[in-house]
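Bear in mind that the values here come from a model prediction, so they are computed numbers and not experimental data.
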Amino acid sequence: LLDCFVIPVVILLSWFFLLIRYKAVHFIGIVVCILGMGCMAGADVLVGRHQGAGENKLVGDLLVLGGATLYGISNVWEEYIIRTLSRVEFLGMIGLFGAFFSGIQLAIMEHKELLKVPWDWQIGLLYVGFSACMFGLYSFMPVVIKKTSATSVNLSLLTADLYSLFCGLFLFHYKVS
């Protein structure tokens, strides 16, 4: 749901604020994304899957759409900053403000859960690995955005789901049931 909705948000914001012009085929892609999003949301309601303790799936879906909208806004804003200022300045500011705001969010929302973690070297290594992956993603994303656009970055992230499906089916021999 998140991936499907980010694409139309990024395309529309790029159209209005970055003055990027798309062709009819791009807008057909938006419609396909929105139809896919509707199918995923409708599947939750029709099938009645009860994954987790969620009671109100509509509220959850609306929160995801809000998060996707904010993520799309941040990606278009990132493209604007990278194209008008510099990649180095962007990375410095995202590192500074990202650490500050993430630290505040951690202190407010997750401090109790963080204290419950049974810390050992394996869990520490997982945190370091996750941090290294996120560092790589956010370090290379401005390079890709500068060479292409925020739209193509989000389309690439959307195709990662397809690649993980193929890896699961063909490499790990998962069964579809």
Side-chain angles (χ1 to χ4, degrees), residues 1-49 51-52 54 56-95 97-98 101-102 133-172 174-177:
L1 189 61
L2 181 82
D3 290 342
C4 291
F5 193 68
V6 169
I7 303 300
V9 169
V10 169
I11 288 176
L12 292 175
L13 290 174
S14 296
W15 175 277
F16 288 115
F17 296 112
L18 300 178
L19 304 176
I20 296 173
R21 296 299 170 231
Y22 297 101
K23 297 178 180 169
V25 69
H26 295 108
F27 291 106
I28 292 170
I30 291 174
V31 170
V32 170
C33 287
I34 291 173
L35 287 174
M37 178 189 64
C39 289
M40 291 171 62
D44 278 346
V45 174
L46 293 175
V47 175
R49 286 184 289 185
Q51 296 174 343
N56 196 344
K57 292 190 184 331
L58 179 63
V59 172
D61 289 343
L62 291 175
L63 288 173
V64 168
L65 294 177
T69 302
L70 293 174
Y71 186 69
I73 290 169
S74 73
N75 282 348
V76 172
W77 188 249
E78 179 180 350
E79 182 177 354
Y80 173 76
I81 291 172
I82 290 169
R83 292 193 188 278
T84 58
L85 300 173
S86 76
R87 202 170 49 229
V88 174
E89 186 174 357
F90 169 77
L91 288 172
M93 290 298 147
I94 199 170
F97 290 108
F101 288 114
S102 293
C133 289
M134 294 308 289
F135 176 79
L137 173 73
Y138 284 104
S139 294
F140 290 119
M141 195 143 120
V143 175
V144 176
I145 286 177
K146 178 107 176 165
K147 293 189 180 292
T148 59
S149 69
T151 304
S152 67
V153 168
N154 284 292
L155 285 170
S156 299
L157 291 174
L158 184 61
T159 59
D161 296 337
L162 182 65
Y163 291 134
S164 65
L165 172 68
F166 289 154
C167 287
L169 291 174
F170 299 117
L171 291 177
F172 302 115
Y174 291 155
K175 301 291 180 201
V176 180
S177 52

Show the atom names and distances, to 0.1 Å, of all donor-acceptor pairs under 3.5 Å that link a side chain in residues 82-94 to residues at least two apart or in another chain.
from	atom 1	to	atom 2	distance (Å)
Arg83	NE	Glu79	OE2	3.0
Arg83	NH2	Glu79	OE2	3.3
Arg83	NH2	Ile145	O	3.3
Arg83	NH2	Thr148	O	2.6
Thr84	OG1	Tyr80	O	2.7
Ser86	OG	Glu89	N	3.0

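Counting only residues at least two apart or on different chains, the side chain to side chain donor-acceptor pair (under 3.5 Å) pairs with a member in residues 11-23 are Tyr22-Thr151.
Thr69 and Val9 make their closest contact through O-CG1, 3.9 Å (heavy atoms, listed as atom of the first residue, atom of the second, distance).
In this structure the side chain of Asn154 reaches within 4.5 angstrom of the side chain of Tyr71, judged on heavy atoms.
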